[in-house]
S.K.: 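Let me give you the structure first, and then I'll get to my questions.
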Amino acid sequence: MILDLPTSRPYNAPHVFGFLEARALPGLEAVEGLEYRRRLPRQDGGSVWLKVSWRDDAPRLHLPEKAAGPPSEWVARVRRLFDLDANSVLIDRHLGADPLLAPWVQAAPGLRVPGAWDGFETAVRAVLGQQVSVARATQLAARLMQRFGDGSFPCAKRLRDADVAAIGMPGQRGKAVRALAAAAADGSLDLLEGADGPSLRAALCNLPGIGPWTAAYIALRVAKDADAFPAGDWVVRKVLNATTAGSAKRAAAWSPWRAYALMHLWHRAAQPSERETTPNGKRAALSA
């Protein structure tokens, strides 16, 4: 089944595919250029691969005929992952009215906020990515799959009692993953698109080892909270030359699209001229 998925323009495809490529889990995902692939369960056992490619300035979904589950489920996941329902014209107009963001919006219109293929998977990876690089966070997620998921991403019930720290990270972070898994398994944590952002952030911050940055990151990717903004993010504070409180105050004008403003700040920091001045050990904001 081949479907051309509608989306508004502008759409910055290189940004989204690049974001996903940096975080692709070997054996589960693959990204090459403007093509994304994800392994799905097959109706009769085994697996097949879904593919999203950018063709003629639009995303094209290739859905294997024997993929288990209704096609509507996979379409919904792709739309969420690629943030296809955002109104970039409205968002760019709002953010472009700010003198700081205006030249960046003009240079990179249509930046989207990549969503979550699976809410629990993305939330766990956010915790794994605390204070480490993108590459290290992806390595830890791959180890988690191998040790507890038999090559697939482990479910919440599997991780709530697992010795997560054994994959090679601090014990406290392992406890945070287990607490997250326990809350997801018993249904006390809503990790679905459309969940109330502020409520989700508060619930996450009540879990041991999860702070405001991780909670905001999960809210903007999993719940698709367009106004989630990690004011304490190191890159944000560096680009804005401000404290956490100062960053929050500066970002107030970008509401209700602060998550998209965050993409512009991160995109700016990732440019070659900016990366040269960014210490390698201070890139936690881009890790999850």
Side-chain angles (χ1 to χ4, degrees), residues 5-13 15-20 22-24 29 36 38 50 52 59 61 72-95 101 105 108-127 129 153 156 180 183-184 187-205 207 210 212-231 233 236 251-252 254-267 285-288:
L5 303 178
T7 186
S8 63
R9 305 291 188 277
Y11 187 98
N12 198 308
H15 168 257
V16 175
F17 281 90
F19 187 99
L20 297 176
R23 295 156 179 81
E29 302 171 295
Y36 170 86
R38 174 89 187 195
L50 168 150
V52 179
L61 170 62
S72 59
E73 176 186 348
W74 306 124
V75 171
R77 288 178 186 249
V78 168
R79 295 200 67 83
R80 179 172 66 238
L81 182 67
F82 284 84
D83 197 19
L84 298 183
D85 295 319
N87 187 335
S88 282
V89 172
L90 176 65
I91 295 169
D92 286 0
R93 182 186 301 127
H94 179 77
L95 299 180
L101 296 182
V105 173
L111 289 190
R112 302 295 174 102
V113 179
W117 180 269
D118 176 86
F120 177 69
E121 174 187 312
T122 299
V124 170
R125 295 188 64 182
V127 176
F153 202 87
L180 176 68
S188 62
L189 192 63
D190 186 356
L191 293 172
L192 298 175
E193 180 181 8
D196 181 70
S199 296
L200 176 59
R201 294 198 299 272
L204 287 165
C205 287
L207 297 177
I210 297 181
W213 183 91
T214 305
Y217 181 86
I218 293 172
L220 68 90
R221 290 203 63 196
V222 174
K224 299 300 293 175
D225 180 356
D227 206 34
F229 186 80
D233 178 82
V236 168
W254 305 332
S255 185
W257 309 111
R258 292 184 298 175
Y260 292 86
L262 176 69
M263 293 297 112
H264 280 285
L265 297 178
W266 284 0
H267 187 265
L286 305 179
S287 66

S.K.: If I compare all heavy atoms of A203 with all of L189, which pair ends up nearest, and what's the gap?
M.R.: CB-CD1, 3.8 Å

S.K.: How long is the span from the OH atom in Y217 to the CG atom in L262, to the nearest 0.5 Å?
M.R.: 9.5 Å

S.K.: Are any of the side-chain heavy atoms of V78 and L50 separated by less than 4.5 Å?
M.R.: yes

S.K.: Can you tell me how the ring of W117 sits relative to the ring of Y36, calling it parallel under 30°, perpendicular over 60° and tilted otherwise?
M.R.: tilted

S.K.: How far apart are the closest heavy atoms of P230 and V236, and which atoms are they?
M.R.: O-CG2, 4.2 Å

S.K.: How long is the gap from CZ on F229 to CG on L220, to the nearest 0.5 Å?
M.R.: 10.5 Å

S.K.: Verify side-chain contact (heavy atoms from CB on, under 4.5 Å) between V16 and D83, making sure each step is shown before the conclusion.
M.R.: CA-CA 9 Å; V16 175; D83 197 19; over 6 Å; no

S.K.: Nearest heavy-atom pair of G110 and S88: which atoms, and what distance?
M.R.: CA-OG, 3.7 Å

S.K.: Mind checking whether L20 and E29 have side chains closer than 4.5 Å, heavy atoms only?
M.R.: no

S.K.: Of all residues at least two apart in sequence or in a different chain, which pass the side chain to side chain contact (heavy atoms under 4.5 Å, CB included) check with E193?
M.R.: R80, K224

S.K.: Under the side chain to side chain contact (heavy atoms under 4.5 Å, CB included) test, which residues partner D118, sequence neighbours left out?
M.R.: R77, F120, E121

S.K.: Nearest 0.5 Å, what's the CG-OG1 distance between L191 and T122?
M.R.: 9.5 Å

S.K.: Can you list the steps and then say if L204 with L180 is a side-chain contact (heavy atoms from CB on, under 4.5 Å)?
M.R.: CA-CA 8 Å; L204 287 165; L180 176 68; 3.8 Å; yes

S.K.: Do R258 side-chain atoms and A252 backbone N/O form a donor-acceptor pair below 3.5 Å?
M.R.: no

S.K.: Kindly write out the residues that satisfy side-chain hydrogen bond (donor to acceptor under 3.5 Å, both in side chains) with D196, not counting sequence neighbours, or none if the list is empty.
M.R.: S199

S.K.: Tell me the closest heavy-atom pair linking C205 and A215, and the distance in Å.
M.R.: SG-CB, 3.7 Å

S.K.: Show the numbers, then the answer: is there a side-chain contact (heavy atoms from CB on, under 4.5 Å) between F153 and V124?
M.R.: CA-CA 10 Å; F153 202 87; V124 170; 3.8 Å; yes

S.K.: Run the side-chain hydrogen bond (donor to acceptor under 3.5 Å, both in side chains) test against H15 and tell me which residues pass, sequence neighbours left out.
M.R.: none

S.K.: Could you work out, with side chain to side chain contact (heavy atoms under 4.5 Å, CB included) as the rule, every residue matching L90, not counting sequence neighbours?
M.R.: N87, R93, W257

S.K.: List for me each residue that meets salt bridge (Lys or Arg N to Asp or Glu O under 4.0 Å) alongside D190, sequence neighbours excluded, and say none if there are none.
M.R.: none

S.K.: With sequence neighbours left out, write down each residue that passes ring pair (Phe, Tyr, Trp, His ring centres under 6.0 Å) with Y260, or none if nothing qualifies.
M.R.: none

S.K.: Can you sort out the partners of A219 under side chain to side chain contact (heavy atoms under 4.5 Å, CB included), two or more places apart, ordered by chain and number?
M.R.: L200, R201, D225, A228

S.K.: With sequence neighbours left out, what residues match Y11 under ring pair (Phe, Tyr, Trp, His ring centres under 6.0 Å)?
M.R.: W54

S.K.: Please name all residues satisfying salt bridge (Lys or Arg N to Asp or Glu O under 4.0 Å) with R112, sequence neighbours left out, ordered by chain then number.
M.R.: none

S.K.: Restricting to non-hydrogen atoms, name the atom on H264 and the atom on L95 that form the minimum distance, rounded to 0.1 Å.
M.R.: CD2-CD1, 4.1 Å

S.K.: Going by heavy atoms in the side chains, are F82 and P59 under 4.5 Å from each other?
M.R.: no

S.K.: Taking only residues two or more places apart in sequence, or in another chain, which ones meet D92 in a side-chain hydrogen bond (donor to acceptor under 3.5 Å, both in side chains)?
M.R.: none

S.K.: Check for a donor-acceptor pair, side chain of R221 on one end and backbone N or O of A126 on the other, with a separation under 3.5 Å.
M.R.: no

S.K.: Indicate yes or no: at least one non-hydrogen side-chain atom of V89 is less than 4.5 angstrom from one of P10.
M.R.: yes

S.K.: In Å, rounded to the nearest 0.5 Å, how long is the span from CH2 of W74 to CG of L81?
M.R.: 12.5 Å

